[in-house]
Amino acid sequence: MEEAKHFIGGGWAAASGGETIAVIDPSDGETFAQIARGTPADIDSAVAAARAAFAGEWGQSSAAERGRVLYRLSMLVAACHEELAQIEARDTGKPLKQAHADAAALARYFEFYAGAADKLHGETLPYQSGYTVLTIREPHGVTGHIVPWNYPMQIFGRSVGAALAAGNACVVKPAEDACLSVLRVAALAAEAGLPPGALNIVTGFGHEAGAALARHPGIDHISFTGSPETGKLVAQMAAENHVPVTLELGGKSPQIVFADADLDAALPTLVSAIVQNAGQTCSAGSRVLIERAVYEPLLERLAARFRELRVGPSRADLDCGPLISAKQQRRVWDFLSDAQHDGIPMAAHGEVVGDAPESGFYQAPALLRDVPPAHRLAREEVFGPVLAALPFDDENEAVALANGTPYGLVAGIWTRDGARQLRLARRVRSGQVFINNYGAGGGVELPFGGVGHSGHGREKGFEALYGFTVLKTIAIKHG
Ligand code: NAD
């Protein structure tokens, strides 16, 4: 059985405590590999290696050189596309076609940040006469990255790609539930010419390796993606050392459908935005708010689509794979049993295929209608393939419902009325707004992040590069 090690200082290292964690295939519940159970001592080693790289070759490299390394990495990821997709599909349970999309996105992250590395610059500022004032953007130093299990490759790429392009050295703690693809990419990074120590991966549990990273005094910035509860803990630990954090914490993203919308165009997107990755997507469109005039007809069409959805092992490549773990399955069941107990009608559900192993963590996608706005199903992140439908009567009510959760990550607005599109885009409290489309986070070019309990700071685009740098102001008096 494969036993994966940490990647520290350019080489592979077993956990200092000698312990491992079982890697479970969500499609059948079987253990198929082991990963190292990282300790605080392992995090110490990784941070020391990163500090040395930042003080040495990597820290001295020019922006153009960093861009070239990232471009080579992007090419290597593209060349290993099939292998990476296979690893990700087995580790997370996601259908192969989704894993292929993730591998392509990973290559694109490195490609984008390769090109961006030497386009990042400061400004000159007007000041008193006799002065020249300029700003420069410097890397933080050593950045810590805590990555979740839903999109291990993609979230690794978006965070580490930007951090490396900006000149930081990185220490990554991927999720214990899925991290094999990230370890494979670390080997590719070395092959691409990334100097030893510029990228370090320590696997392990969150409360051990993750917490050790978040509170480490040798870290200069922390980027975290995961649950709001853990995000709060990470921010508290980082605050002990006055370390800035970027938090990406999920959402309860609404899709608002007006009666004048192109329903044919909206329908497939409304379904895919919640079914993608079995709903385990921070930007999943998990609420659909429908203007009452089209509530029943649209629900009928949505229900017909939900009945067609098929769930099975990742290799079967159906609409949905299993959920990541038995724990996540229990969480989704808990929401659904609350809904049943509270009399919320199930409009339709998909089907788990007959030959899906019983030991896998399957959940049929479910469409629930007439969900009361105050119910937890309308307010809390399920992180499963569960879509909550709510009717509304006018624009004000649509906005109140859309903004009626503590989250604010992504919103979709479906209407042909141009003035309403812009009015709502401004009134909805959200980091991203999609009009007559829904991007589930969008491409690498588009800044992404939340407000409220969805977190703060921005990933992707140039905004991420700004986040991974510190602005220094230099004032020169020359008379
Ligand atoms: P989590 O937030 O606990 O885990 C995310 C990452 O944080 C993992 O790498 C984990 O090891 C690490 N971590 C956990 N505890 C830590 C700690 N004390 N200090 C430092 N790092 C720590 O998420 P989870 O328990 O895997 O999932 C729970 C819920 O979180 C899910 O049901 C879902 O609602 C949400 N979630 C959201 C996202 C997202 O992309 N926004 C991703 C995963 C999970």
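Residue numbers run from 1 in the order of the sequence given. Atoms within each ligand, like the ligands themselves, are counted from 1 in listed order.
- Within the set Ile324, Thr281, Leu249, Thr225, the minimum heavy-atom distance to atom 5 (C) of ligand 1 is found for Thr225.
- Scanning the protein for heavy atoms near atom 38 (C) of ligand 1, the closest one is Phe383 CZ, 3.3 Å.
- Ranking protein heavy atoms by distance to atom 20 (C) of ligand 1, first place goes to Gly210 C, 3.2 Å.
- Between His145 and Ser159, the side chains place a donor N or O and an acceptor N or O closer than 3.5 Å (distance only, hydrogens not considered).
- Nearest protein neighbour of atom 6 (C) of ligand 1, counting heavy atoms only, is Ile146 CG2, 3.7 Å.
- Classification of the Phe434-Tyr438 ring pair by plane angle, with boundaries at 30° and 60°, yields tilted.
- The protein atom (non-hydrogen) at minimum distance from atom 3 (O) of ligand 1 is Thr230 OG1, 2.9 Å.
- Remark: distances from the non-hydrogen atoms of Met237 to ligand 1 include one below 4.0 Å.
- Only side-chain heavy atoms of Lys327 come within less than 4.0 Å of ligand 1; its backbone N, CA, C and O stay farther off.
- A salt bridge does not link Glu88 to Arg184: none of the charged side-chain nitrogens sits closer than 4.0 Å to a carboxylate oxygen.
- Residue-level proximity to ligand 1 for Ala175 is carried by backbone and side chain together, each with a heavy atom below 4.0 angstrom.
- A cation-pi arrangement is present between Arg376 and Phe335, with the terminal nitrogen or guanidinium carbon under 6.0 Å from the aromatic centre and inside a 45° cone about the axis.
- Under the 4.5 Å side-chain criterion, counting only non-hydrogen atoms from C-beta, Glu30 is not in contact with Ile24.
- Near Ala211, the atoms of ligand 1 lying under 4.0 angstrom from a non-hydrogen atom of the residue are 19 (N), 20 (C).
- In this structure, Arg331 is not positioned above the aromatic face of Phe383 in the sense of NZ or CZ being under 6.0 Å from the six-membered ring centre and within 45° of the axis.
- Between the side chains of Ser272 and Thr269, not a single donor N or O lies within less than 3.5 Å of an accepting N or O.
- For the pair Lys94 and Tyr151, the cation sits on the ring face: its NZ or CZ lies under 6.0 Å from the ring centre, inside 45° of the axis.
- If you check which protein heavy atom lies closest to atom 9 (O) of ligand 1, you get Val147 O, 2.8 Å.
- Counting only heavy atoms of the protein, atom 29 (C) of ligand 1 lies nearest to Ser227 CB, 3.8 Å.
- Near Phe224, meaning under 4.0 Å from one of its heavy atoms, ligand 1 places the atoms 2 (O), 6 (C), 7 (O).
- For atom 27 (O) of ligand 1, the closest non-hydrogen atom on the protein side is Trp149 NE1, 3.9 Å.
- Under a 4.0 angstrom heavy-atom cut-off, Tyr151 registers as lying outside contact with ligand 1.
- Ion pair Arg158/Glu248 flagged as a salt bridge, since at least one NZ, NE, NH1 or NH2 atom sits closer than 4.0 Å to an Asp/Glu carboxylate oxygen.
- Looking at atom 13 (N) of ligand 1, its nearest protein heavy atom turns out to be Gly206 CA, 3.3 Å.
- For the residues Glu208, Glu176, Glu380, the heavy atom positioned nearest atom 10 (C) of ligand 1 is part of Glu176.
- Of the N and O atoms on the side chains of Ser45 and Asp42, not one donor lies less than 3.5 Å from an acceptor on the other residue.
- Ligand 1 places these atoms under 4.0 Å from at least one heavy atom of Gly250: 41 (N).
- The closest donor-acceptor contact from the side chain of Lys252 to the backbone of Arg379 lies at 3.5 Å or more, if one exists at all.
- Note that atom 25 (O) of ligand 1 has protein non-hydrogen atoms nearby, at separations under 4.0 angstrom.
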